[in-house]
Chemist: 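Sharing a structure, written as structure tokens. Questions coming.
Only heavy atoms go into these numbers, but all of them, side chains included; no hydrogens, no water, no symmetry mates.
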Amino acid sequence: MKRIILACLVLMLTLSLGGHALLTPASASAEPSEPTYASLEQAIAGYLDSQDYTYHHDEEEHFFYYSMTATMSDLPDGCDVYISYDEEGFLVESYLPVKPDLTNAKTLAAIHDFMARANYALNLGKFQMNHEDGEISYMTSAMYFDRVPSQRELEWLVDIPALMIDKYGDAMKRVIEDGADPATEFEAADQAEQPEPGLPLPKGFVLPKT
């Protein structure tokens, strides 16, 4: 009996100190495959192709580029989208087709007020402005160390920037060009409904392949 009890104690000690692998599923011990440029390019291109986007891919500089037409806003030129990537992460930027006058302090204060209100309520990405040329963009980014992003993740990371420019673009344009009140414009734009990534987008939102 003492031998049985001693054997049980030894087994329990082994499990608690070094035997935890016995309780780990075999699949968890497998080493994940690290992303490569080829696997990332395949994943990103696969998502863009699934949405019938027309795009340019620069393999040497590691970026994808395409233009989106607008549905919610009246921005005549829609917006441009860039996806840049390396083996550790990538970012997506969508650009507002109008810029503020960097010498106009009132306009700069107003558009910064608008972006601060918008960014406060956001869960994924942000509005930002390049203070050298006034270019405004919406950006999402992601880091990955041991796997390629899933198509579902790419739906959100890739689509959100263009959707946000489409949703808030008209209001930001009025703040920049017409001197509209940023608080009033933001509240009105924020109430507008917009499609979620992963759902069928409105007709005309994507630039069809030619």
Chemist: Do Tyr85 and Glu41 have side-chain atoms, one donor and one acceptor, less than 3.5 Å apart?
Modeler: yes
Chemist: Between CG of Asn123 and CH2 of Trp156, what distance do you get to the nearest 0.5 Å?
Modeler: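 Separation between the atoms: 9.0 Å.
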Chemist: Check whether any side-chain heavy atom of Ser94 lies under 4.5 Å from a side-chain heavy atom of Asp166, and answer yes or no.
Modeler: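 They are not in side-chain contact.
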Chemist: Within the 4.5 Å heavy-atom criterion, are Met68 and Val81 side-chain neighbours or not?
Modeler: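 With C-beta onward as the side chain, the pair touches.
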Chemist: Apply side-chain contact (heavy atoms from CB on, under 4.5 Å) to Ile136 and Met115, showing your working.
Modeler: CA-CA 10 Å; Ile136 294 174; Met115 290 191 295; 4.1 Å; yes
Chemist: Roughly how far apart are Gln128 CD and Tyr138 OH, rounded to 0.5 Å?
Modeler: 10.0 Å
Chemist: Indicate whether the side chain of Tyr65 and that of Ser67 have a donor and an acceptor atom separated by less than 3.5 Å.
Modeler: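 Result is yes, a qualifying pair exists.
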Chemist: Kindly indicate whether the side chain of Leu157, heavy atoms from C-beta on, has any atom under 4.5 Å from the side chain of Ile83.
Modeler: no
Chemist: So does Gly89 get a backbone contact from the side chain of Asp86, meaning a donor-acceptor N/O pair under 3.5 Å?
Modeler: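 Such a contact is found between Asp86 side chain and Gly89 backbone.
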Chemist: If you count every heavy atom of other residues, nucleotides or ligands that lies below 6.0 Å from Glu87 atom CD, does the total exceed 12?
Modeler: yes
Chemist: Of the non-hydrogen atoms in Ala43 and Leu154, which two are nearest, and what is the gap between them?
Modeler: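 Closest approach of Ala43 to Leu154: O-CD1, 3.5 Å.
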Chemist: Check whether any side-chain N or O of Glu135 sits under 3.5 Å from a backbone N or O of Lys99 as a donor-acceptor pair, and report yes or no.
Modeler: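 The answer is no, because no donor-acceptor pair under 3.5 Å joins these two groups.
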Chemist: After noting the C-alpha distance and the side-chain angles of Leu122 and Met164, does the key distance pass the side-chain contact (heavy atoms from CB on, under 4.5 Å) rule?
Modeler: CA-CA 10 Å; Leu122 297 175; Met164 296 302 286; 3.3 Å; yes
Chemist: To the nearest 0.5 Å, what is the distance between CG (Leu163) and OG1 (Thr140)?
Modeler: 10.5 Å
Chemist: Which pair of heavy atoms, one from Val175 and one from Pro182, lies closest together, and at what distance?
Modeler: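 Result for this residue pair: CG2-CA, 4.0 Å.
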Chemist: Students often mix this up, so state it plainly: with edges at 30° and 60°, are the rings of Phe127 and Tyr168 parallel, tilted or perpendicular?
Modeler: perpendicular
Chemist: For the residue pair Pro149 and Leu40, establish whether any side-chain heavy-atom pair is separated by less than 4.5 Å.
Modeler: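 Side-chain contact under 4.5 Å: yes.
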Chemist: Closest approach of Gly46 and Gln151, non-hydrogen atoms and distance?
Modeler: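 Closest approach of Gly46 to Gln151, heavy atoms only: C-OE1, 3.9 Å.
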Chemist: If we only count heavy atoms from C-beta on, is the Ile176 to Phe114 side-chain gap below 4.5 Å?
Modeler: no
Chemist: Give, for atom CZ of Phe63 and atom CD of Glu93, the distance between the pair rounded to the nearest 0.5 Å.
Modeler: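 It is 12.0 Å, given to the nearest 0.5 Å.
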Chemist: Once rounded to the nearest 0.5 Å, what's the spacing between atom CE of Met129 and atom CG of Leu102?
Modeler: 6.0 Å
Chemist: Checking side-chain polar atoms at under 3.5 Å, does Tyr82 have a donor or acceptor matched by the opposite partner on Asp58?
Modeler: no
Chemist: How long is the gap from CE on Met139 to OG on Ser84, to the nearest 0.5 Å?
Modeler: 9.5 Å
Chemist: So among Tyr53, Tyr95, Tyr55, which one has a ring-ring contact (aromatic ring centres under 6.0 Å, His included) with Tyr66?
Modeler: Tyr53
Chemist: For Leu91, does its backbone N or O pair with a side-chain atom of Ser141 as donor and acceptor, under 3.5 Å?
Modeler: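 Judged by distance alone, no pair lies under 3.5 Å.
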